[in-house]
Structures are given as structure tokens and as C-alpha cells.
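Some notes on the structure that comes next.
Throughout, a chain's letter reflects where its sequence line sits, starting with A, and its residues are numbered from 1. The basis for the numbers below is simple: all heavy atoms, side chains too, and nothing from hydrogens, waters or symmetry mates.
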Amino acid sequence: MTEREQTHGTNDQEIHLPLADLIRIRRQKIDQLKAQGITPYPYKYERTHAISESHEQFDALAAEEKVVRLAGRIMLKRKMGKAIFADLRDVSAKLQLYVKIDNVGQAAFDNFDLLDMGDIVGAEGTLFITRTGERTLKVTSWELLSKSLHPLPDKHAGLTDLETRYRRRYADLIINPEVRETFVKRTKIIQIVREFLNAHGFLEVETPILQPLYGGAMARPFKTHHNALDIPLFMRIADELYLKRLIVGGYEKVWEFCKDFRNEGMDRKHNPEFSMIELYWAYADYHDMAAFYEEMLRHTVKALFGGYKVNYDGREIDFEPKFRWLTMVGSIKDATGVDFTSMTDDEAKAAAKKLGVHESEKLINRGKAIEAVWELKVEPNLIQPTFIADHPVEISPLAKRHREDPRFTERFELFIAGQEMGNAFSELNDPMDQLERFMQQGKAIEQGDEEAQPLDDDFITALAYGMPPTAGLGFGIDRLVMLLTDQQSIRDVLFFPQMKETKEGTVPVSKILAQILEDEKK
RNA sequence: GGGGGUGUAGCUCAGUGGUAGAGCACCUGCCUUUUAAGCAGGGAGUCGAAGGUUCGAUCCCUUCCACCCUCACCA
């Protein structure tokens, strides 16, 4: 414990962590810099080049001894007597700085010596190559742009602790370049899809996130409250019902990039807040949508990688061949030899149990039984892109009945690498049928199914005005990004995944700073 | 919710029933084209939290917290 800490222990708890000492040292450096007339947090810096540009134009800039001004974070620092080398990094690239006492003068040299890894600086000088062949900026003057108080993670070992990486994503991004790259890819994927949809005449729209009634998916919602209206509101779990209202209204192609919220378990594939894209296409059916979606994915992969092969979790996924198309009951028959097509509820339940479906599954009807068998016997094997089509009507309350068999629906889900990558229907537009499905769902709610959908009067009203035949599709953006960036956890494609609050153990940095602030005032 | 694992310095990690170590980072000194710079010296820890056993716990026991894996539930 230092003298300083013993003297100023006025807080309820004395902070004597090594981290606090490291921060104090950096505060003292700020004082020394201020004494030299340096502002630790100035307002701006005029750059002439991004660091990547200094690399691209290096030969010309070096030959002409052009003065360049760069800015970024100091990632490494090596003092060699009367010269200091430092690695400067901006968003685009990294370049070495060479600060020599003869070039900048004694004062600027000593001040640079006070800098730490993590500090943000601007530097002016000319470019050259060192004896060891490294491109370098020979600094003639420099400015401190922001003093870093908290030490960076280890310069070699990096930051690997998952909890810290998620809770302090900024530290993760500073230290792990591949993480920055993953999120850039995320943005690119969304851009590619957006451009594709726009190019095909789909209108990007926005619909309510706060809704008086939730629907459009099977999930438990988040509930909140509006004070002025004094009414309960739900965070949306899907966009479906609002986008279909827009189709009723006369738009023929609409889509939305939607943040959805589902109040359910969290794991590697689920975050309570996630992103989907939903699109609705009037006068088309689910076959049209399947072809369109297949083309969109193929285009996205090509635009992103230049080819059609994607590696995920050690496997190669090929987007070039036409995606397989299997019906749900057909794929079960292929895998087990059992044909569920014409079974009654009781027959289907018995068959499901015989095929090893777990006791705990709620096999309340034929549809649930088929789904359970399918999940057990077929789903895990769907590595290459495969459409699974024509789900039982019981598990598809918003899909139109199959034109050839009313026990099933015109619906498909796409599976890639064992993951669902989209869900689409020929949308149910018969208001009477839709009403009956809602009433069916109502019974399920009464039986304790917390994920069944409540009756939406206004949606039925909209359908009563008449909705053209329409195909609709929804797919999870996070899952698509996982697939295309070879990430196995949704948390690695969300900047700030949901985490539980920690109350014990670590002392918040703000508390350390508060005590230092208090000490400095004395 | 069940099972398994992890939690020690700012970071990455060793370790022990007798109040703790390494590398990086940090501090001091030397070094004017170095580069995981080097050399010499030094400082730094509520060993996740709370109880218990014990003469003595970071270690053993109990409970709790967070994170990871896995099964279940769930899209």
C-alpha cells in the first residue's frame, strides 16, 4: 500500500488495487504533460492520409519526402536510448513511428517518452524504410490527442477471456483485429441483402416495435407499459402481421430489417434481442419465394467471397448447386421408412414414440408429433442448403393450406449447416381460415402453451378487406452472419450481447477513478 | 432446470493446508534505424463472494455469483 492511499482512505472502502496504481501513474503523466503545455484531450487533428493510404502511396510519398499527418492509437512502444519506435494504428492499418531526439527536440522527445500504449496521438513527418525493412514515419512533430488511463490487455497474449470480451467489447475490438473484421463483414452482408432487395423492387419500410398485441411467431414476448396511455405494450416478436397489413394496403413488395425481442432462454444461438429480415411479395407463392431466396443467398455469398463455397465449423457449404427440396413428411419417410402423411393424431403420436421421441415432448396433435420426429431424425443431418417444405397445418397457423392437401401447408424452412436459415409461406389470406387458426391457438393458450399466438382482431379485419395471394419470408440476420463468418456463437456476431449483471468481485473502474479524483482535489 | 468445467496481478497463466509465482504490462537506470528490442534493478494481489472445518484456508466443506460446455426447454 502506498503512502498516498493510507492518507486518503475516506471512502467506505479503501481501494488499493494494482490497477489503481497504474491509473495514478498515468494521471501523473498527464500532470507532467500539462506542465509542458500539452492538452491531454484536445479537439481535433487534421490528417493528410489514412494509414492504409500511407502504405498504398508509400513509394511516392517517401521519394518526394512529402509531409504526412497520421493519427491513431499507440499499440506498441520501444525505447532505444535517444530514439523511440512506436506502432500507430488507425482503423485502416498500422505504421511504425520513429521519434528521434535530433528530429523532434529534447522536450517533445521526453514528452513522447511519457506516452503509454493505448494513447491516441497525431504525428507529422516523412516516410522512410528502416535498415530492417520496415515502413516508418520519421516524426518531426506530434500531438497527444487522448490520454489513455486504463492499460491495454497483453500485447501478445491479447484478450481471450470471453466474459471480458463481451462485457468490454471496446477492449476486444482494440486488441483483436479479427473481431473488427467479423463485424465489418456483418455490415457488408446486410448491405448486400439490402441492395439485392431494393434492386428487385422491394420497398424498405418500418413498422412498430412497441405493439399492443404481439404475434407472427411462436414465442413469449417482453411486456412493458406506456405511462401516458396507461396501457400494456409488447416488444415485437416478429413483423409478419404488420407487413401483411401493408400488403392489404396495396404495396406489392415490402421488407423490413427488424429488431425482434423474445423472452426466452439464451444460448449459443439465441439472444433476447436479435435481427431478422422479413419480406412480403404479392401475387407470388412459396415456390417463387424459395427461388428468390435461393438466388439472394447465392448472390450474397458470391458478393462477399467471390465464390460459392463457405467454410463453417470445419465443413464446406456449397451454395452453387440448386438447393435440395424435401417435404417434411417425405424426408421423415426417407430417414425412417415411416410415412406420416395420412396418420390420425393418435397414430402419429404412437409412431413418434416408437421412433424414440422423448417422453417430455408435448405431442398434443399430429403436427407436433411429425415435427418432433423430424427434429430428431432429419434436422441434424441437413448440412448443405436444403428446403424442408409443407409442414403440418397444426404447427403453421399463419400459412396457407397446401393446394393439394389441406392437412399440410405451403411453407418451407431452409436449413444450412444444421441451422434454420429462413421460414416462408404462401401466406394465409382467407380471413375465415385465419380466424379459425387463431381460435385454435386460443385453445392452446388455455392449455398452457405460453407461445401460442393471441387473436389479433385488427389483423383479421385487414384480411377481411382482402389480401392478394402473397408469399412471405423471414430469416435471421444473426444466424446468416454466423454462417458466413464461421462463428459458432451468436454472441460473436453481436457487438453487445446480453449479459447478466455482476454484483460481486470486481471493483468498477469508475470507483477507482472517483477515488483518484477525490485524492487529487486534496 | 440437470450434469460438467472455470474464476489467482491491468492481460495470459502456473501453484500450495503455513497469508502467493512467471511472462507481458508498470516504475528506475543504460542504449540514436529497433521490432515479441535487449540488459540490470524494482514495485504491485480482498487467490470471485459469504459462511464453516482447522492453531492456521487461496487450497478442504457448504451456500451464493459470474462465465464456458452439455442435456432439457425453446426458435
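A cation-pi arrangement is absent between Arg479(A) and Phe415(A) under the rule of less than 6.0 angstrom and at most 45 degrees off the ring axis.
Taking only distance into account, the side chain of Arg131(A) never meets the base of U33(B) through a donor-acceptor pair shorter than 3.5 Å. The base of G23(B) sits within donor-acceptor range of the side chain of Asp154(A), with an N or O pair under 3.5 Å. The base of U34(B) lies close enough to the side chain of Thr130(A) for a donor and an acceptor atom to sit less than 3.5 Å apart.
Heavy atoms only, all atoms of each residue included: Lys147(A) and Leu114(A) are closest at NZ-O, 4.2 Å. Scanning both residues, Arg236(A) and Cys258(A), for their nearest heavy atoms gives NH2-CB, 3.3 Å.
In the set C67(B), U33(B), G10(B), C67(B) carries the atom at the smallest distance from any side-chain atom of Glu163(A). Listed nucleotides C74(B), U33(B), A44(B) differ in distance to His270(A); the shortest reach to its side chain belongs to C74(B). Listed nucleotides C26(B), U32(B), G45(B) differ in distance to Lys29(A); the shortest reach to its side chain belongs to C26(B). In this structure, of C68(B), U12(B), U33(B), it is U33(B) that holds the atom nearest to the side chain of Phe85(A). Closest to the His156(A) side chain, of the nucleotides U35(B), A36(B), A44(B), is A36(B).
In this structure, Lys155(A) reaches the A25(B) phosphate: one of its side-chain N or O atoms is under 4.0 Å from OP1 or OP2. Here Arg78(A) reaches the OP1 or OP2 of A37(B): one of its side-chain N or O atoms lies under 4.0 Å away. Phosphate proximity of U70(B) to Arg268(A): present, with a side-chain N or O under 4.0 Å from OP1 or OP2. Within the structure, a side-chain polar atom (N or O) of Arg491(A) is placed less than 4.0 Å from OP1 or OP2 of C68(B).
Base contact: Ile101(A) has a heavy atom under 4.0 Å from a base atom. In this structure, Asp161(A) reaches the sugar-phosphate backbone alone: every heavy-atom distance under 4.0 Å involves primed, P, OP1 or OP2 atoms, never a base. Glu379(A) comes within 4.0 angstrom of a nucleotide base, judged by non-hydrogen atoms across all strands. Contact annotation for Arg167(A): backbone-only contact, meaning every heavy-atom pair under 4.0 Å involves sugar-phosphate atoms and none involves a base. Contact annotation for Lys79(A): base contact, defined as any heavy-atom pair under 4.0 Å involving a base atom. Counting any heavy atom pair closer than 4.0 Å across all strands shown, Glu413(A) reaches a base atom. If you check every strand for non-hydrogen atoms under 4.0 Å, Lys100(A) touches a base.
Atom P of nucleotide U32(B) and atom CG of Asp113(A) are separated by 13 Å, given to the nearest angstrom. Here G10(B) presents its C1' atom at 11 Å from CD1 of Ile175(A), a figure rounded to the nearest Å. In this entry the distance linking CG of Leu22(A) with P of A25(B) reads 12 Å, nearest Å. Taking atom CD of Glu264(A) as the reference point, atom P of A72(B) lies 17 Å away to the nearest angstrom.
Aromatic ring centres of Tyr293(A) and Phe387(A) lie farther apart than the 6.0 Å criterion allows.
Across the C1' atoms, C60(B) and U28(B) are found 43 Å apart, a figure rounded to whole Å. Comparing the C1' positions of U8(B) and G23(B) gives a spacing of 15 Å, expressed to the nearest Å. Using atom P as the reference point in both A36(B) and C61(B), the two lie 45 Å apart (nearest Å). Separating the C1' atom of U53(B) from that of G45(B) is a span of 26 Å, rounded to the nearest Å. Rounded to whole Å, the separation between the C1' atoms of C13(B) and G1(B) comes to 34 Å. Across C67(B) and C30(B), the matching P atoms stand 48 Å from one another, rounded to whole Å. Straight-line distance between the C1' atoms of A9(B) and C26(B): roughly 11 Å, to the nearest whole Å. The same atom, C1', is picked in A50(B) and in A14(B); the two are 27 Å apart, to the nearest Å.
At least one side-chain heavy atom of Val310(A) sits under 4.5 Å from a side-chain heavy atom of Leu484(A).
Taking a pair to require two hydrogen-bonding distances under 3.5 Å in either a Watson-Crick or a G-U wobble arrangement, A22(B) pairs with U12(B). Shown here, C64(B) forms a base pair with G48(B); the pair counts as Watson-Crick or G-U wobble because both key distances fall under 3.5 Å. Nucleotide A40(B) forms a pair with U28(B), judged by Watson-Crick or G-U wobble geometry with both contacts under 3.5 Å. In this entry U58(B) has no Watson-Crick or G-U wobble partner, no candidate having both defining distances under 3.5 Å.
Between the side chain of Glu278(A) and the backbone N or O of Glu240(A) there is at least one donor-acceptor pair closer than 3.5 Å.
Summarising the local packing, CZ of Arg315(A) is surrounded by 12 or fewer heavy atoms from other residues, nucleotides or ligands at distances under 6.0 Å.
Partner of Phe234(A) under the ring pair (Phe, Tyr, Trp, His ring centres under 6.0 Å) criterion, out of Phe261(A), Tyr214(A), Phe222(A): Tyr214(A) alone.
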